[in-house]
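So the structure is just underneath, and the comments pick up after that.
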Amino acid sequence: MQASHVSVQEVKAPVLIRIDHVGIACRDLDEKVAFYESLFDLTVTSREVNEEQGVREAMLHVADAPGGSSWIQLIEPLAAGTPVGRFLARRGEGIHHIGYGVTDITQALASIGASGVRLLDQRPRHGSMGASIAFVHPADLGGVLTELVETAVD
Ligand code: CO
């Protein structure tokens, strides 16, 4: 009888599993929400104030995907001196960051950090709708502020 052999292969799991959201900085959240709702027929699923990040935000649901949903995140700074407030003063309204879905944020941070790319968050913190999030330095990613998102398990 022949023994069955399971070949152990180094299967590299993808770090990013989908685009979770596009973060868009705006000066007037309510006005921008109304505009996005009417133009794209989208619905706000969640509104939050994140004191730690200094923003008021709304998540507009775009679509469902196998790994989770995708969103537009509209963000308004709570004050001019916050990171998003400074972003608006410097660059004006527009795309602020891209949020990518990951399966395991701790693993993703370790893997990206090991490559030498600078992490703005060494460990995950609280994001929208109970997600665990972490930011990666834009200067090491071609000017794109990049957020990793591990969706909350419901
Ligand atoms: Co975000």
Side-chain angles (χ1 to χ4, degrees), residues 13-113 115 117-154:
V15 176
L16 310 180
I17 54 172
R18 70 180 201 289
I19 294 171
D20 184 274
H21 65 273
V22 178
I24 299 172
C26 62
R27 294 197 170 86
D28 185 329
L29 184 64
D30 295 332
E31 182 197 88
K32 205 61 86 186
V33 162
F35 179 70
Y36 270 77
E37 282 180 331
S38 69
L39 181 65
F40 298 124
D41 199 20
L42 297 174
T43 305
V44 171
T45 301
S46 161
R47 274 177 182 270
E48 288 177 46
V49 173
N50 189 321
E51 299 279 352
E52 189 194 30
Q53 289 176 39
V55 295
R56 290 204 307 140
E57 59 157 74
M59 296 294 275
L60 295 107
H61 182 255
V62 176
D64 289 316
S69 299
S70 62
W71 316 83
I72 293 171
Q73 179 185 41
L74 298 174
I75 49 179
E76 179 199 309
L78 292 175
T82 60
V84 176
R86 290 195 298 271
F87 174 91
L88 279 178
R90 217 171 46 241
R91 314 249 300 250
E93 293 187 312
I95 294 180
H96 177 258
H97 66 271
I98 306 287
Y100 295 109
V102 299
T103 309
D104 181 331
I105 194 157
T106 306
Q107 213 168 61
L109 280 173
S111 153
I112 293 165
S115 75
V117 167
R118 283 168 291 171
L119 308 174
L120 292 174
D121 297 304
Q122 298 301 321
R123 55 179 61 91
R125 52 182 162 133
H126 296 296
S128 312
M129 298 179 296
S132 292
I133 63 148
F135 284 95
V136 182
H137 206 299
D140 291 344
L141 277 161
V144 180
L145 178 57
T146 298
E147 178 183 352
L148 307 173
V149 183
E150 184 184 330
T151 305
V153 181
D154 39 32

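Remember, it's 1-based here, ligands and their atoms both numbered in the order they're listed. Numbering of residues begins at 1 and proceeds along the displayed sequence.
Residue H97 counts as close to the Co ion (ligand 1), with an N, O or S atom under 2.8 Å. Among the backbone and side-chain atoms of Q73, an N, O or S atom lies under 2.8 Å from the Co ion (ligand 1). Residue contact annotation: E147 places an N/O/S atom under 2.8 Å from the Co ion (ligand 1).
With 3.5 Å as the limit, one finds a donor-acceptor pair spanning the side chains of E147 and H21.
The environment of I95 atom CD1 is sparse: at most 12 non-hydrogen atoms of other residues, nucleotides or ligands sit within 6.0 angstrom. Under a cut-off of 6.0 angstrom, the local environment of CD1 in I19 is sparse, with at most 12 non-hydrogen atoms contributed by other residues, nucleotides or ligands.
The pair E76-K32 does not count as a salt bridge, with every side-chain nitrogen at least 4.0 angstrom from each carboxylate oxygen.
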